[in-house]
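All remarks here apply to the structure that follows.
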Amino acid sequence: MTESKGLFKRSRTVLREILELQDASAIFNTQVTVCGWMQTIRYQGQSMAFVELNDGSCSKNLQVILDKTYADEGVLEDAFTKGGTGVSVQIQGEIVESPKSGQLIELKAKTAKILGGVDAKSYPLPKKALTLEYLRTLPTWRIRTRTMRAVQNIRNTCAFATHSFFQGHGFKYVHTPILTGADCEGAGEMFSVTTLMHAQSKLSDIPTVDDKGEEIDFKKDFFGKSVSLTVSGQLNVETYAHAFADVYTFGPTFRAEHSNTSRHLAEFWMIEPEICFATLEDDMSLAEDYVKYCVNAVLTKCAGDVQILTDFYQRQYTTAKKQGKLPKDAQPPARLLDSLQLLVGKAYKRLSYTEGVELLEKEIKEYRAIVITPEEKKAMKAKDYKKKSKGKHVFENPVFWGCDLASEHEKYLTDKIFNGPVILYNYPKDIKAFYMKMNDDNKTVQAMDMLVPGIGELIGGSAREDDYDKLIKRCAELKMETEPLQWYLDLRKFGSVPHAGFGLGFERLVMLTTGMSNIKDVIPFPRSYGLCEF
């Protein structure tokens, strides 16, 4: 990537411009100044050392040769005596051809200046293999590891690809509000925002609607009403869709769910496009194209990061196997590259929710799968459980038409039956949101979920109900209070059009493209139940 012409110009050469050249010989014998952090330093005798240097611009390290016999007397002394992992340096020297296999070039240092030293004894990242669990305790430091840099570089690539994809299709980017007076999904799991209380407040300081003190008087709050952090920008972005036709939002959203699993965050980012004059079929096609575009961007621009993560997962597996921490039938991890290529190599399977349930029921009926709930398992003897489940896939949740498919069901469809992504559509109305367009059977709505291997649901979307009377009727069925949403309902009264959209949790996309299994490992500073540091 070339730098744009303007006032800003780096006083150093970025390592990416050296290490990713198509023809490395073009810069042999070139004098450069580079800056970065020492990843490792290896000494050879009293006069030579080898440094692996990285400046964050790419996944590769540049090998720097510190040779006292090559440099002027004394200028490398600080690098020898103070060098170490994490030390920041500025190095000036000559690019030369490397005799080492696996790398084309290296830098022979003429001068080396320590910019920021490191006390090795107190440095938070010890020189040993670090688990992801341990790194989660060091959110401000873990980005200095190769693994986390690879994850965040892929996250950056997916974010850039998101804007490139939608802008390339003529969508307008809309900044929807973080503060909201409406519960988009009706889940009720929202963070309240108020100025009525602070850390030093007493209960007697909080205004109530009457002397009983049983209900807070939000009319005296900052906004004169109850306000929360948004769980979605969809309702807001629909207003702009009715002027621009094709829009998207990409921003932080929040959910106060009391869960601390590997799949849940309290603060996460959502991508929510909305398309007018469009059908559910258009919505599914847009979703598939978008995911493939992002995965292709990772394959094209992050090959080094993909390999770093592949190596990391293999080391994890090998270590766990040696320590006896894996079940006997555990399989080695698939190469991340292969998993990503699977996502772009063919069309995604599309079938109705009803067909998906029927497939799962068939698997159970033909004894390839079995349902044993946690309660049933707890009541069984170990040998009875082993005998009953032998040779079968065990579901903890029952499968029936009308159930909200669990992640285990979704992953069975993608991983076991179809070996690839699946899009289910036409879901029962009772398990979907009020704004989804009803089908003629009055039992299902025009909803769709994209399911992907290893994760389950990646995208949820639908055609929106564009008829005012039908939407009002649906709200009445659900006993919803319509006054707070009248602004949204009124979109159907003035120039309404068929429209559709979807929501994608960005962290799940990053999990998909990095192979990470814990969502807390793909966001810089995770916030979840009981966790909000820094």
Side-chain angles (χ1 to χ4, degrees), residues 1 14-16 19-20 36-37 39 54-61 130-132 135-136 138-168 250-252 262-263 265 267-271 287-317 333-345 421 450 452-456 458-459 504-526:
M1 184 182 293
V14 177
L15 296 190
R16 179 188 65 246
L19 296 170
E20 295 185 355
W37 294 269
Q39 305 304 296
N54 191 283
D55 67 355
S57 64
C58 65
S59 60
K60 298 177 182 177
N61 295 332
L130 304 175
T131 66
L132 295 174
L135 290 175
R136 268 176 234 131
L138 302 170
T140 58
W141 295 101
R142 63 179 181 170
I143 189 59
R144 298 196 183 196
T145 65
R146 291 188 79 196
T147 302
M148 285 296 112
R149 280 204 306 273
V151 169
Q152 292 304 321
N153 192 39
I154 289 175
R155 182 185 176 102
N156 172 73
T157 297
C158 287
F160 188 86
T162 294
H163 289 294
S164 297
F165 175 81
F166 288 114
Q167 293 292 328
F250 183 4
S262 61
R263 292 166 50 86
L265 288 170
E267 178 185 34
F268 50 97
W269 287 65
M270 287 290 291
I271 295 154
E288 182 172 339
D289 285 349
Y290 165 67
V291 171
K292 287 181 174 178
Y293 186 91
C294 289
V295 173
N296 266 319
V298 172
L299 288 170
T300 303
K301 300 178 181 179
C302 303
D305 301 295
V306 169
Q307 187 58 52
I308 286 171
L309 292 172
T310 297
D311 294 343
F312 173 77
Y313 299 136
Q314 184 59 51
R315 287 197 305 272
Q316 266 195 326
Y317 171 81
R335 292 174 65 239
L336 181 56
L337 178 62
D338 295 338
S339 300
L340 295 178
Q341 289 174 336
L342 182 69
L343 296 169
V344 297
M450 179 187 289
V452 294
I455 293 177
L458 177 68
I459 287 176
L504 173 141
F506 186 58
E507 281 69 34
R508 290 197 178 184
L509 177 65
V510 182
M511 289 175 71
L512 179 69
T513 50
T514 61
M516 284 286 163
S517 58
N518 192 312
I519 200 168
K520 296 178 183 65
D521 296 328
V522 299
I523 190 168
F525 297 97

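Hydrogens, waters and symmetry mates are skipped; everything else that's a heavy atom, side chains included, is used.
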Inter-residue atom distance Met148.CE - Asn153.CG, 0.5 Å rounding:
13.0 Å
What I'd like to find out is whether the side chain of Ile519 reaches to under 4.5 Å of the side chain of Ile523, using heavy atoms alone.
no
Working to the nearest 0.5 Å, report the span between CG of Asp521 and CG of Leu135.
8.0 Å
Closer than 3.5 angstrom, by distance alone: can the side chain of Asn54 be matched with the main-chain N or O of Lys60 as a donor-acceptor pair?
yes
Minimum heavy-atom separation for Leu504 and Leu509, please, with both atom names.
CD2-CB, 3.9 Å
Would the distance check show the side chain of Glu507 and the main-chain N or O of Trp269 forming a donor-acceptor pair, the cut-off being under 3.5 Å?
yes
Any donor-acceptor pair under 3.5 Å linking the side chain of Arg146 with the backbone of Asp305?
no
Side chain proximity check, Val291 to Leu343, heavy atoms < 4.5 angstrom
no
Decide yes or no for Glu267 and Phe525: does some side-chain heavy atom of the first lie under 4.5 Å from some side-chain heavy atom of the second?
no
Under the side-chain contact (heavy atoms from CB on, under 4.5 Å) test, which residues partner Asp289, sequence neighbours left out?
Phe165
Rounded to the nearest 0.5 Å, what's the gap from CD on Glu20 to OG on Ser59? Could you check?
7.0 Å
Indicate whether the side chain of Asn156 and that of Gln152 have a donor and an acceptor atom separated by less than 3.5 Å.
no
Side-chain touch Leu132/Gln316, heavy atoms, less than 4.5 angstrom
yes
Show, in sequence, the C-alpha distance, side-chain angles and deciding distance for Arg136 and Asn518, and conclude whether the side chain to side chain contact (heavy atoms under 4.5 Å, CB included) test is met.
CA-CA 10 Å; Arg136 268 176 234 131; Asn518 192 312; 3.5 Å; yes
Considering residues at least two apart in sequence or located in another chain, which fulfil the ring-ring contact (aromatic ring centres under 6.0 Å, His included) criterion with Phe506?
Phe250
Kindly say whether Arg16 contributes a backbone atom to a donor-acceptor pair with the side chain of Ser57 at under 3.5 angstrom?
yes
Can you measure from CG (Leu299) to CG (Leu337) and round to the nearest 0.5 angstrom?
6.5 Å
Here the pair of heavy atoms bringing Pro421 nearest to Pro453 is N-CD, 4.0 Å
Between CG of Asp338 and OG1 of Thr310, what distance do you get to the nearest 0.5 Å?
8.0 Å
List the atom of Ala287, the atom of Ile459, and the distance in Å for their closest heavy-atom pair.
CB-CD1, 3.8 Å
Whether the Thr162 and Tyr290 side chains hold a donor-acceptor pair (N or O, under 3.5 Å, no angle test) is what I'd like checked.
yes
Heavy-atom check, side chain of Leu265 versus side chain of Lys520, under 4.5 Å:
yes
Whether the side chain of Thr145 engages the backbone of Arg142 through a donor-acceptor N/O pair (distance < 3.5 Å, no angle test) should be reported.
yes
What are the two closest non-hydrogen atoms of Ala161 and Ala297, and how far apart are they?
CB-CB, 3.8 Å
Which heavy atom in Val151 sits nearest to a heavy atom in Val522, and how many Å separate them?
CG1-CA, 3.9 Å
Closest non-hydrogen atom pair, Ala150 against Leu309:
CB-CG, 4.0 Å
Is Arg508 reaching over with its side chain to a backbone N or O of Ile455, donor-acceptor style, under 3.5 angstrom?
no
In the structure I gave you, are the side-chain heavy atoms of Pro524 and Pro139 within less than 4.5 Å of one another anywhere?
no
Can you tell me how far CG of Asn296 sits from OG1 of Thr157, rounded to the nearest 0.5 angstrom?
12.5 Å
Answer whether the closest heavy-atom distance between the side chains of Thr513 and Cys158 falls below 4.5 Å.
yes
Answer yes or no: is there a donor N or O on one side and an acceptor on the other, between the side chain of Tyr313 and the main chain of Met516, under 3.5 Å?
yes
Could you work out, with salt bridge (Lys or Arg N to Asp or Glu O under 4.0 Å) as the rule, every residue matching Arg149, not counting sequence neighbours?
none
